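Below is one structure, written out as structure tokens; comments come after it.
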Amino acid sequence: MKNKIFLAMLASISVFAVGCGSSNTTKELAAPSTEVSKDIPGWTVNNDPTDLSWYVNFSWFTTPWGNDIVSQKITEETGVNVNFIIPAGNEAEKLNTMIASDTLPDLLTLGWWEGQIPEMIDAGMIYALDELAELYDPYFFEVADEARLGWYTSQDGHVYQYPNSSYSPEDYEKYDNIASNQTFLVRKDMYEALGSPDMSTPEGFIDTLRKAKEMFPTVNNQPLIPLGLHEFNDAGNVSLDLFLQNFLAIPFEDEDGNLYDRMTDPEYVAWLKMFREATAEGLLANDVFIDARSQMEEKQAQGRYFAMLYQRTDMATQQQILFNNDPDSIYVAIDGPKNSSGDDHTLPGVGIQGWTVTLISKNCDDPERAIQFMSYFMSEHGQRMIKVGVEGEMYEMVNGQPVLHKEVQELLDSDRAAYDRKYGAEDTFWMMQDLPMQQQWTEASKEPFLQLEEWAAQYTIFNSQYDGLNPALGSAEEVIALKVSTLWGNTLPALLLAKDEAEFDAIFEKYVNDRDALGYDKLLAVQQELLEENKEKLGFK
Amino acid sequence: MSTVSKPAPKASFGERLKKQKYLQMMVWPGIIWMFIFNYIPMSGIIIAFKDYKITGTMWGAPWAGLSHFKEFLTDPSFMNIMQNTLGISLLKLCIAFPLPILFALLVNEVRSARYKKSIQTISYLPHFISWVVLGGLLITWLSDTGMINEVLVMTGILKEPIAFLADPKYFWWVAVISDTWKELGWSAIIYIAAISGIDQQMYEAAAIDGATKMQKIWHITLPAIKGTIAVMFILAVAGMLNSNFDQIFILNNVLNAEASEVIDTYVYKMGMRSGRYSYATAIGLFKSVVAMILLVIANFITKKLQGRSLF
Amino acid sequence: MKRTKGEIWFDRFNNVLMFVICFITLYPIWYIIVNSFNDGNDAMLGGIFWWPRVFSTENYEAVFQNEGLMKAFGITIARTFVGTVTNVFFTAMVAYPLSKSHLIGRKWFLGMGTVTMFFSGGLIPSFLLYKNLGLLDTFWVYILPALFNFFNLIIFVNFFKEIPASLEESAAIDGANDWTIFLKIILPLSRPVLATIALFTGVYHWNDYFAGVIFINNPDLQPVQTFLYRIVAESGSNQMMAAATNVTQTTTSASIKLATMVITTIPILCVYPFLQKYFEKGIMIGAVKE
């Protein structure tokens, strides 16, 4: 008896508590408050004070709105005051909770690869930007980039998201300084002392590592680590799978346009076997398998690695420390692993997807102001504002080029965090940064970074079409994809630690079989479809 | 009115209730609180049997039956994960559980009051260091060129340095010892508090009878904190499937993975990271059911052994 | 009283052992303090064990320069105080009747509570509940969900059971009801356990950053832990970020993280000696004699 009452009570109250999850009511859009035209930016007519909440899905973004000159100026010009909502802990947790409880704020900025984006769009939680622009701010279409709109057009013909940092194939033709992040780095002084040997063949590679270890057994009384990599994780090691395959110029698709299995490419497997040998000889030190990023950064700053397959921007701080201590001890980029025909590396740069996308949620009470606010950022005026700041207060135009005031430049060079809080330009607010447009105001890099950038630029290619071939969240194929990548994450270290080549071959064969057993062909079929879609959007057919 | 002495068994239910109306009035706010803040959200467990998506509602999600449980129990790594989870927990039960009791007893025997206070304050400090920072230090110190190897080789305990985190066979010990080290003083607080509740007259009487220090500890202190020990033991047994996620997560790596993958890290990988809430909830439910069973067993055993139990 | 030889040796051994334990537990703290007072870039090179190599207070300045910090400290102190007092009193109040074996429904109540220690619906149902109760973005989201704790209740119940029944009986004869007995007799006798639970609860409130992350959007309501977490938050392993930015993001140095830890731990240190006097012996005995 007691039991039944209790259960009934539980059930009824649960409905009250959990029943009111997401409500996907379709809202009628209100009529525009002012007359609209594509020639007049909406924000110039409509700038009464208002508040917009803006969720940014990156816990490290800590700059508040309204303390610095740039955000104050933007609020003055548009009337919009921003309340940033930043997850302090796990980003996915915060975002998922907001989605599940229907408490999304007005604007959202998150990485384009996040699986929640298509889910939110499918569930009708996001405004179509093109509809809002049509109704409230046709000027949006004047400042939006055609290629980006095309890429982000959903199957229903609407655009729900707009990217930052996006480069189109045309941009790649226009600018020759677009540089990939993926680099092969060696310590300058050691490499030169070894006589700058060739490291593009497996034999040359392992031989150079051996000689480096022999000639420089220790650095500051600590053992030298011949080769550094990114961290190993559940999905493998980007240095040894993705990057290495790019260095070897292994294609993504065959001549018939079918996705190519890069993992089983003989050139790649041959290089992995060399890395197994290197591991057996102690050239891949324990540290490489154990260290988390902070230990790696410490060792980079000490110059403990002889060579590294590493993202150059991830070691910029450490490079600067080395440069300040001894300009000869820095890392320089050289040609790394090449395939047997010696083809150029094919290193991907940032593509059409860009980095993050910004969306307007249907919880936004004033979508009119939100879309106008986005157009503001996308315009040349807005880009100049977030890149160089306020003319007269922070810089002067000299011969058509902005020249920063001395105190501004000094703070920028010495204390970036303080600069962000005081001035707030140089893409402090990067959520809508348009890097190709900002090129005109961007200064060239300086050493010790210039060489890395120039080296990478010569091998950088556009291959956005192969990015984001991820099956829909929650689909059976997505689970397969997760399991396949976990399988590889377990296999890769086993391959490297194999006693001999026979064991290596056995492990590799087991990997291929297990992968097929997980339903790899189903995953491949979905990925192939996604690839076709991507190519169509880019007009590559 | 006598609420304290046991009421006569013949008193009717209504009479008994009336006699303890104040007691009932004190206990009910707690019941209501638990109902609202624990039991209502608990209905979310239902998604363990469904295919829940965050953009939908929990009630509207399609039923999935026991498929999530089946997936977990038939996962090829299931046995390995259980072995590691239970292995580390059992070691903790043997080492990390009794040591704080021993520590509390020894602190209690320190004669200088100031020294005693300082020890208590210092010993519980490491509790406040986060595992993210401590884990980073441990990775450096436990490496083959790290401080701990240097000390061990110097003192002759080891002949060759050992890369403790590079070999699965050391991982359980690393996890248990570093956890004990961090939480020793903090876990002892509850026993120190219990010891301080003991009647001093009993010690004085024992001293007059010529009892030695060991006898006093054995016959007075330990029996007096027996109840606390029993409760903590039952809870520790019930928590066997839980691991210290932050610690394991930062100390594990591809080389020790076969000894360091536990249920909690697996849930994080397969569930939370990819937003598979239903799957994660199913594993959580599995853990809870096992914990309840363990609790009942441990409760039964302690009751048999020393007449103490949770209820 | 004369000590035997064995006892003297035991005391010596014990003192030394305690010293060793203090040393090995204190060293990591020392390490953190030393590194937090060292220049961040220099600390990256490692190798600082006993004393700062390049002394600097910059890490602390960076933390204290933040405008909202004092406000956040205010919130933390408020929630720690209110949260601890309410939790300890409320939990003790519910626990007292449960220490009486003749309480009607006792088994049910304890069983119901035990279930809550093991089963929870997870984050999203709780979030929806708080949303429906109107707790989101209010101060009470720190207090109400943490008002009661079943684990603490068990400790209370066990302690209350040990209190000699004679004390309560004599009060009952004087005509006191159970509520008065609880307030006037039980609580004053329970100081060691009250201090212990207050410490546990206070430390929880002081260290909790999660509620501030998930349930609070208003920066004015953030507790210090959430606030500081934000200062030291790192990009983590998010490689996509670096892939797309030409500007290097300002990553906060590990030293600032250490300084943050020192700042948040010190207030807790000051509380413990204050509570320690309740752990001293003889409280119970004094009460019985009265």
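Bear in mind the structure is a predicted one, so any value in this text is a computation, not a measurement. FYI, side chains are in, hydrogens and waters are out, and symmetry mates aren't considered; it's all heavy atoms of this structure.
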Would you give the length of the straight line joining atom [atom1] of [X] to atom [atom2] of [Y], rounded to the nearest 0.5 angstrom?
X: B/Met232; Y: C/Ile155; atom1: CE; atom2: CD1; value: 6.0 Å
X: B/Gln24; Y: C/Ile104; atom1: CD; atom2: CD1; value: 6.0 Å
X: C/Phe10; Y: B/Arg111; atom1: CZ; atom2: CZ; value: 10.5 Å
X: C/Asp11; Y: B/Lys213; atom1: CG; atom2: NZ; value: 4.0 Å

Quiz prompt | Residues which pass side-chain hydrogen bond (donor to acceptor under 3.5 Å, both in side chains) with B/Gln215, listed by chain and number, not counting sequence neighbours | solution =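 For B/Gln215, the residues satisfying side-chain hydrogen bond (donor to acceptor under 3.5 Å, both in side chains) (neighbours in sequence not counted) are B/Thr212.
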Which atoms of [X] are under 4.5 Å from chain B, going by heavy atoms: the side chain, the backbone, both sets, or neither?
X: C/Phe13; answer: neither
X: C/Leu17; answer: side chain
X: C/Asn14; answer: side chain
X: C/Leu135; answer: side chain

Q. So, do B/Trp186 and C/Phe200 have ring centers that fall under 6.0 Å from each other?
A.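 Centroid distance B/Trp186-C/Phe200: below 6.0 Å, so yes.
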Check your understanding: Would B/Phe128 and C/Trp206 count as a close aromatic pair, with their ring centres under 6.0 Å?
Key ->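 No, too far apart.
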For B/Trp181, is it the side chain, the backbone, both or neither that has a heavy atom under 4.5 Å from a heavy atom of chain C?
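Its backbone and side chain both get close to chain C.
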Just so I know, are the side chains of [X] and [Y] near enough to count as touching, which here means a heavy-atom distance under 4.5 Å?
X: C/Phe148; Y: B/Phe37; value: no
X: B/Leu23; Y: C/His102; value: yes
X: C/Ile21; Y: B/Ile119; value: no
X: B/Thr228; Y: C/Asn158; value: no
X: B/Phe103; Y: C/Met18; value: yes
X: B/Tyr39; Y: C/Thr116; value: yes

Apply side chain to side chain contact (heavy atoms under 4.5 Å, CB included) to C/Phe118 and B/Leu295, showing your working.
CA-CA 10 Å; C/Phe118 298 104; B/Leu295 177 87; 3.9 Å; yes
Would you list the atom pairs, donor with acceptor, under 3.5 Å between side chains in residues 119-126 of chain C and any protein atom, with sequence neighbours excluded?
unit_1   : atom_1 : unit_2   : atom_2 : d
C/Ser120 : OG     : C/Gly122 : N      : 3.3
C/Ser126 : OG     : C/Gly122 : O      : 3.3

